[in-house]
Structures are given as structure tokens and as C-alpha cells.
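Below is one structure, written out as C-alpha cells, with a few remarks after it.
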There are 2 protein chains.
Amino acid sequence: MTKKKALLLDLVREKPVHLTAEQIFLLAKERSPGISMATVYNNLGALSHEGLIRRVHIDGQADRYDRTVEPHEHFICDECGEIRDIFFHGFTEELAKRLGERISSYELNVRGVCAACQRS
Amino acid sequence: MTKKKALLLDLVREKPVHLTAEQIFLLAKERSPGISMATVYNNLGALSHEGLIRRVHIDGQADRYDRTVEPHEHFICDECGEIRDIFFHGFTEELAKRLGERISSYELNVRGVCAACQRS
DNA sequence: GAATGAATTTAGAATGATTCTAATTTTTGA
DNA sequence: TCAAAAATTAGAATCATTCTAAATTCATTC
């Protein structure tokens, strides 16, 4: 765990929002001005493989990085674009039961209009 | 509905597999040799918007096109890469109930080892 | 059947996120 | 202190997809 890797991990962990590599790069530059995009990608990739953060793919967008590594789902607001974590307790087991196969991972992205946007 | 658009729709409908734009392009050339990649993308995009086919995004792969437009899920084999349709009856309603929000769409990709690969 | 305008198709350039490469810098530990 | 290993870097490469602007096809009207 190098200094820059630790910095990137901190940045992902600091906020509950799901940042893109670009956003993380800009934040990282404030604390480590010479850092390069390659280092950001290298380390975010490594951290994801090590299971310390989680890479989130959302159709048509740059990948995002999530501090929450436990299995969970995502809700994406059609209006404001906000990405919110959802936790469906026991979902993996339910999937396994319904499928009858061993599951290594899954990805569930739900879209709709969030409560805040529905009000306005 | 132009001839080429109809051809592309046919190609997607012909086989149960989920083809990429590239694969569809190669098949289309057999029946319409001068067809261009741009036409393939234009028409597959249009057909998807019209709801006649469905565009499927799988992390790290080129998009695929699915003849099945009803809401359903996908199982991707970690070993052979096969993409299989899953039908979880009432899943949209279950999601809506658990979330308490109106859902416009969702995407569920499940990964694991398919039965065929487990045997070998 | 020719003329007109709209829609489709086309080749190739542009895009943009990500990965790769090869060189440089930093770190480690003998 | 030195050598080897690891991390970092700039920039090139990749690749699916979209965009652009020109060419072609199509439908409609006279």
C-alpha cells in the first residue's frame, strides 16, 4: 500500500457518492499535484481486485468506484442522475434459489425517478 | 421500415443468441454486401428505441442485441461466456415493492458457471 | 417519366474511457 | 551505497460507438 494508493482509497472512502476515475483524479491532484491518470487507473483497478473498493459499471457512463464492497444494488435517477445504493437483504441467496446455479457475482441497476425529483 | 432495417431486424430475430453489432454486420454483408457499419448502428439503435429489439450492455464487452424485448434478466457464464436469458416472473413488481419507487427499467446480469461448464 | 425534397446510407473522422508501453523515478533491502 | 523490484509517468494505442458531411435512394408531385 503506497502513499498514492492510500490516498486514492481515502478519496473513495471519504464520500458516499460514486466517483468516476476523472473525478478522483481531480481530487487526488489537490493533495498530490503530480499524480497521473495512469496511477489513478492502476491503483483503482488494484484496489478493486483486492476487494477494498468496488467498481461500478453503469450503461453509457464512465465507471465509478464505490466504497461499499458488500453485495448491493444501485438505483439511478432518470432525472438527476443520482446513483444510490440499495440493499436487498438475502438477494444473492434468492437469485441462487431461483436459478439453481452457483452465482459468482451479479449486477443490478434499477432506474426510475427518485423521491426528490418526483416532488419537483 | 427500409429493406436494410428489416434485414437487421430479421438477423436479430433469427437466432436466440445475443449478437454484437460486429457479428450482425458480418451476417448482414452476406445478404446485402454493400452495407456499412454506420447503417448497422443506426438501425439497431432505431429498432431498440422503437422497442422491436433490445440492447444489452454487459460490462467489458461490446453491446449485444436481443430479440426478446419483454423484461428479463441475463446469466453470463464465467467459463464459456454464454449469455442466457432468465425470466424471473414478477421481478419488476417485486423490485417496485421493495424499493417503494416507480421503476422505469432495470438491468440484472448474473454471473456464474453454467451447468454445461460445471460438468467438464 | 422527370424533377424535387426528404430520408437513408455511406466512408471515414472524431470521441472518450480505458489500457498499454516503455522510460523514469522511487522504494526496498542486502 | 548499490542493485533489483515496484510504482509512477506521459503519451500512444485501443476499441466500441457516435458524429459528420457527402452521396445515394426513395417517394411524391407535376
Side-chain angles (χ1 to χ4, degrees), chain A residues 1-12 17-66 74 76 81 83 105 107 109 111, chain B residues 1-12 17-66 74 76 81 83 105 107 109 111:
Chain A
M1 178 69 67
T2 62
K3 267 188 191 163
K4 289 184 176 169
K5 190 172 181 180
L7 165 59
L8 294 165
L9 178 56
D10 281 351
L11 289 172
V12 173
V17 297
H18 301 73
L19 300 170
T20 62
E22 177 80 26
Q23 292 170 324
I24 294 166
F25 171 62
L26 294 174
L27 290 170
K29 275 210 289 197
E30 293 175 9
R31 299 198 212 161
S32 183
I35 198 167
S36 79
M37 203 61 194
T39 300
V40 172
Y41 273 110
N42 282 345
N43 283 313
L44 290 176
L47 289 166
S48 303
H49 276 112
E50 291 158 20
L52 294 173
I53 62 176
R54 179 172 150 176
R55 193 171 174 164
V56 178
H57 307 269
I58 294 172
D59 157 31
Q61 301 186 14
D63 288 354
R64 290 163 186 281
Y65 296 87
D66 192 339
H74 290 105
I76 302 126
I83 298 163
S105 69
E107 203 174 304
N109 294 329
R111 286 168 193 276
Chain B
M1 178 69 67
T2 63
K3 267 188 192 163
K4 289 186 176 169
K5 191 171 178 181
L7 165 59
L8 294 164
L9 178 54
D10 282 350
L11 289 171
V12 173
V17 296
H18 302 74
L19 300 169
T20 62
E22 177 80 25
Q23 292 171 323
I24 294 165
F25 171 62
L26 294 174
L27 290 170
K29 275 211 288 197
E30 294 173 9
R31 298 197 212 163
S32 183
I35 198 167
S36 79
M37 202 64 195
T39 301
V40 173
Y41 273 111
N42 282 346
N43 283 313
L44 291 176
L47 289 165
S48 303
H49 275 111
E50 292 158 19
L52 294 173
I53 61 175
R54 179 172 150 177
R55 191 170 176 167
V56 178
H57 308 270
I58 295 172
D59 158 30
Q61 302 187 14
D63 289 353
R64 290 160 187 280
Y65 295 87
D66 192 341
H74 291 105
I76 302 125
I83 298 162
S105 69
E107 203 175 306
N109 294 330
R111 288 168 192 276

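- As rounded to whole Å, 8 Å separates atom C1' of dT17(D) from atom CG of Asp63(B).
- The OG1 atom of Thr20(B) sits 9.0 Å away from atom OH of Tyr65(B), with the distance rounded to the nearest 0.5 Å.
- Distance, Lys3(B) NZ to dT25(D) P: 12 Å, rounded to whole Å.
- Atom CG in Leu44(B) sits roughly 10 Å away from atom P in dT17(D) (whole-Å rounding).
- Between Tyr41(B) and dT17(D) there is a side-chain N or O to OP1 or OP2 distance below 4.0 Å.
- You'll find the ring centres of His57(B) and His57(A) outside the 6.0 Å limit.
- The phosphate of dT9(C) has OP1 or OP2 within less than 4.0 Å of a side-chain N or O from Asn43(B).
- To the nearest angstrom, P of dA16(D) lies 17 Å from CG of Asp59(A).
- Using a 4.0 Å heavy-atom criterion, one finds that Arg64(A) contacts no nucleic acid atom at all.
- Atom-to-atom distance recorded for Leu7(B):CG and Lys5(B):NZ is 13.0 Å, nearest 0.5 angstrom.
- Paired with Val12(A) under the rule side-chain contact (heavy atoms from CB on, under 4.5 Å), one option of Leu19(A), Asp66(A), Leu44(A) passes, and it is Leu44(A).
- Atom CE in Met1(B) sits roughly 16 Å away from atom C1' in dC26(D) (whole-Å rounding).
- Taking atom NZ on Lys5(A) and atom C1' on dT26(C), their separation rounds to 16 Å, with Å as the unit.
- A heavy atom closer than 4.0 Å to some atom of DNA chain C occurs in no member of residues 17-39 of chain A.
- Atom pair Leu8(A):CG and dT8(D):C1' shows a separation of 12 Å (rounding to whole Å applied).
- Separating the CD atom in Glu30(A) from the CG atom in Leu11(A) is a distance of 8.5 Å, to the nearest 0.5 Å.
- For Asn42(B), counting side-chain heavy atoms from C-beta on, the closest listed nucleotide (dT17(D), dT8(D), dT9(C)) is dT9(C).
- With values rounded to the nearest 0.5 angstrom, Lys29(B) atom NZ is found 9.5 Å from Met37(B) atom CE.
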Exercise. Does the pair Arg64(A) and Glu22(A) meet the rule for a salt bridge (Lys or Arg N to Asp or Glu O under 4.0 Å), with working shown?
Worked result: CA-CA 9 Å; Arg64(A) 290 163 186 281; Glu22(A) 177 80 26; over 6 Å; no

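- One finds a side-chain N or O of Lys4(B) lying less than 4.0 angstrom from the OP1 or OP2 phosphate oxygen of dT10(C).
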